[in-house]
Every structure is written in C-alpha cells, then in structure tokens.
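Since the structure comes first, as structure tokens, the remarks are kept for the end.
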Amino acid sequence: GAGVSQSPSNKVTEKGKDVELRCDPISGHTALYWYRQSLGQGLEFLIYFQGNSAPDKSGLPSDRFSAERTGGSVSTLTIQRTQQEDSAVYLCASSPSSGAGGSYEQYFGPGTRLTVT
Amino acid sequence: SQQGEEDPQALSIQEGENATMNCSYKTSINNLQWYRQNSGRGLVHLILIRSNEREKHSGRLRVTLDTSKKSSSLLITASRAADTASYFCATDTVEYGNKLVFGAGTILRVKS
C-alpha cells in the first residue's frame, strides 16, 4: 500500500512569502504528526493531530505557523511571512494510534525541504 | 533540552564489524524507539522496546533497555555499507504527552 506522501519535495521561497506544505498520511491512520529538522539536527516536534483535532500544538514555534487536517486525512502546514530561520526539512508522520501516539511506530513521509532566501 | 541523547555523535567502522550506539534519556518512559534516516529525508522505524522489556532482536539489530540507568543501546551486527545512515532514538513519556521526543542522532558510516 501507499506510504505517507508529502508535497512539494522541495520549496524555495522568498523571505516574507507564505508557504503551504501538504501531507497525505497512510489511509486509516488516525494520528498525524509534523516535525521540523534543521541541518544536522534531530527532529523537533511541531504539532499532533488525532483525527481532525490537534490536542498538542505545543511545538509550533510562533503564530506564523498553523496547521489543519480535514476529513481525518490530508494535513496542511502553513507558514506565513517566512523567515530565513524557517529553512529546514519538514517531516510528516502518521500512526494508527488511538491513544498515546508514541506507543505505536510512526511512518514518515520523505519530507519537504524548505529554503527561505 | 533533549529528552534523548545519542552517543557517539558519529561512528565510522569497516564493513563486517559491529556498531553500537547508545541513547540516554531523562524522564520515565512508556517505550523507546529507534529510527534510521538516510540522506536527511524520511525516517524508517527499526524497533520499539517497551519499558518492561530488557532486550529485543530484529534481524541483525539488537536493542537493550536499562530503565534504572535510563539508557538504551542499539547494536548492528555484521554491518554493511547499506547501514550507513543516521540513527535516532525516540522516547514516549507521560511527561511529554502524545508525541515522540527524538535525540540528535548518531551518524554511522560503514566503509566497504
């Protein structure tokens, strides 16, 4: 079956522009996660969805970042007025969880490499 | 600060040798997972070990967990060039809620 997909795979944008990153999770997975990974670093948690609701938004670095999930499936991460420090790889993962997300393995997409110039 | 920290930061070995990576964490966990990442893109799940387990095997992988020391190790036996990647541990804790907290990773290079 299809894995987690993300689009675009690469995005170059000018400082101050808005960007939208898309994640298509594995069909039937109720939990969806967004992470950010800067060059040579570990993964930084951004936000977690259970169905369409986001019980944990604690990792969003500023109010320029927002995310939504519709139909319990596709999720979009939006970054407004991008800054150079937003440059990173944005990774999405899904899992078939109905409780603590970490109790299940997470299936990762290939990521979107965002470069803000 | 990081919940999980891997050691060493980088490891270079010859093909056929064993590779051992360590992970230490700070708070009590429900489980600990190891992931592999090739070329800075998507991560692949390797193994999950629960807090009441001490050792787990999967193919050439062996994971141990010592909750008294708050540490885990990942052993890759008979390494291959294809094992070259970054390896991350991730912890699931009550304190951090419904998310995995990842360490900074160990970069493994297997020379053929």
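Throughout, a chain's letter reflects where its sequence line sits, starting with A, and its residues are numbered from 1. Keep in mind the model is a prediction, meaning the values are calculated, not measured.
Atom CD of residue Q106(A) and atom CG of residue L48(B) lie 10.5 Å apart, to the nearest 0.5 angstrom. Considering CG of L100(B) and CD of E105(A), their distance stands at 10.5 Å, rounded to 0.5 Å.
Note: the hydrophobic cluster containing Y35(B) also contains Y33(A) (ILVMFWY, side chain heavy atoms under 4.5 Å, direct or indirect links). Side-chain heavy atoms closer than 4.5 Å link hydrophobic residues (I, L, V, M, F, W, Y) into clusters, and following such links, even through other members, never connects L77(A) to L43(A). There is a path of hydrophobic side-chain contacts, each under 4.5 Å, that joins L32(A) to L21(A).
Using a distance-only test at 3.5 Å, with no hydrogens or angles considered, a donor-acceptor pair links the side chain of Q33(B) to the main chain of Y104(A).
With a 4.5 angstrom heavy-atom cutoff, S58(A) touches chain B only via side-chain atoms. Proximity to chain B is absent for every atom of Y107(A), based on heavy atoms less than 4.5 angstrom apart.
For CZ of R80(B), the number of neighbouring non-hydrogen atoms (other residues, nucleotides, ligands) closer than 6.0 Å is 12 at most. Heavy atoms from other residues, nucleotides or ligands lying under 6.0 Å from CD1 of I107(B) number 12 at most.
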Discussion item. Before you tell me yes or no, could you show the steps for Q37(B) and L91(A) under side chain to side chain contact (heavy atoms under 4.5 Å, CB included), namely the whole-Å CA-CA distance, both residues' side-chain angles and the distance that decides it to 0.1 Å?
Written reply: CA-CA 12 Å; Q37(B) 183 179 38; L91(A) 292 159; 4.2 Å; yes
